[in-house]
Amino acid sequence: MPQNDFYERVYYLTRQIPYGRVTSYGAIAKAIGSPKSARVVGYALNASAGNIDIPAHRVVNRNGMLTGKAHFLGSQAMQAQIEAEGISVKNNQVQNLQKYFWQPPVLSLDN
DNA sequence: AAGATGACGAGGG
DNA sequence: TCCCTCGCCATCT
């Protein structure tokens, strides 16, 4: 099991994203105490691909682009899921991002 | 053990 | 505004 504390934190926060909202890799990285590890957040989510308990489709990059869509089972799965939650996606990008953006809570160090 | 990778993000030209 | 480069850091090879 490669999951260490870092992965668990990423998964925990990702599960907290409300239905119909999205957040970014960087926001999650910052919330878990490693603001420079946005790339690793993506890496962790990649390792969670196929896990229906983790709404990874609600995590996009800072511009609202669906950079992770290629890692889902279907080539349009990510966009379909987001649109199904009431968010419009145009040209691989979430529209009106700031309206749907969800700011994750900062995790205590001993969580 | 050492170098390469990447679902990012910020800055420079 | 678009494009490229660089820094980042847990993992992977």
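Order of the sequence lines fixes the chain letters, A, B, ..., with proteins taken first and strands second; residue numbering starts at 1 for each chain.
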- Task: In sequence, state the C-alpha distance, the side-chain angles, and the governing distance for A/W102 and A/V22, and then conclude on side-chain contact (heavy atoms from CB on, under 4.5 Å).
- Result: CA-CA 6 Å; A/W102 177 76; A/V22 298; over 6 Å; no
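Using a 4.0 Å heavy-atom distance criterion, A/A56 is classed as a base contact.
Two different hydrophobic clusters hold A/I82 and A/L45 under the rule that ILVMFWY side chains link at heavy-atom gaps under 4.5 Å.
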Residues 25-40 of chain A side chain polar contacts: donor-acceptor under 3.5 Å, at least two apart:
| from | atom 1 | to | atom 2 | distance (Å) |
| --- | --- | --- | --- | --- |
| A/Y25 | OH | A/V59 | O | 3.4 |

Give the table of side-chain donor-acceptor pairs shorter than 3.5 Å for residues 93-100 of chain A, with sequence neighbours excluded, one pair per line with atom names and distance.
| from | atom 1 | to | atom 2 | distance (Å) |
| --- | --- | --- | --- | --- |
| A/Q93 | NE2 | A/N63 | O | 2.7 |
| A/Q95 | NE2 | A/Q93 | O | 3.0 |

Between protein and nucleic acid, restricted to nucleotides 6-9 of chain C and to nitrogen or oxygen atoms under 3.5 Å apart, what atom pairs and distances do you find?
| from | atom 1 | to | atom 2 | distance (Å) |
| --- | --- | --- | --- | --- |
| C/dG7 | O6 | A/R39 | NH1 | 2.9 |
| C/dC8 | N3 | A/R39 | NH1 | 3.1 |

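Separating the CG atom of A/L45 from the P atom of C/dT11 is a distance of 13 Å, rounded to the nearest angstrom.
Between the side chain of A/Y11 and the backbone N or O of A/A44 there is at least one donor-acceptor pair closer than 3.5 Å.
To the nearest 0.5 Å, the span separating CD on A/E83 from NZ on A/K90 amounts to 11.0 Å. The OH atom of A/Y12 lies 13.0 Å from the CG atom of A/D5; values are rounded to the nearest 0.5 Å.
For the pair A/R21 and A/F101, the minimum side-chain heavy-atom distance is 4.5 Å or more.
The span of DNA chain B lying next to chain A, judged by atoms under 4.0 Å from heavy atoms, is bounded 5' to 3' by B/dG6 to B/dA10.
Residue pairs meeting the salt bridge (charged side-chain N to carboxylate O under 4.0 Å, His left out) criterion with at least one partner in residues 43-67 of chain A, sequence neighbours excluded, are A/R58-A/E85.
Residues A/V10 and A/T14 come closest through the heavy atom pair O-OG1, 2.7 Å.
Of the residues in residues 60-67 of chain A, none lies under 4.0 Å from DNA chain C by heavy-atom distance.
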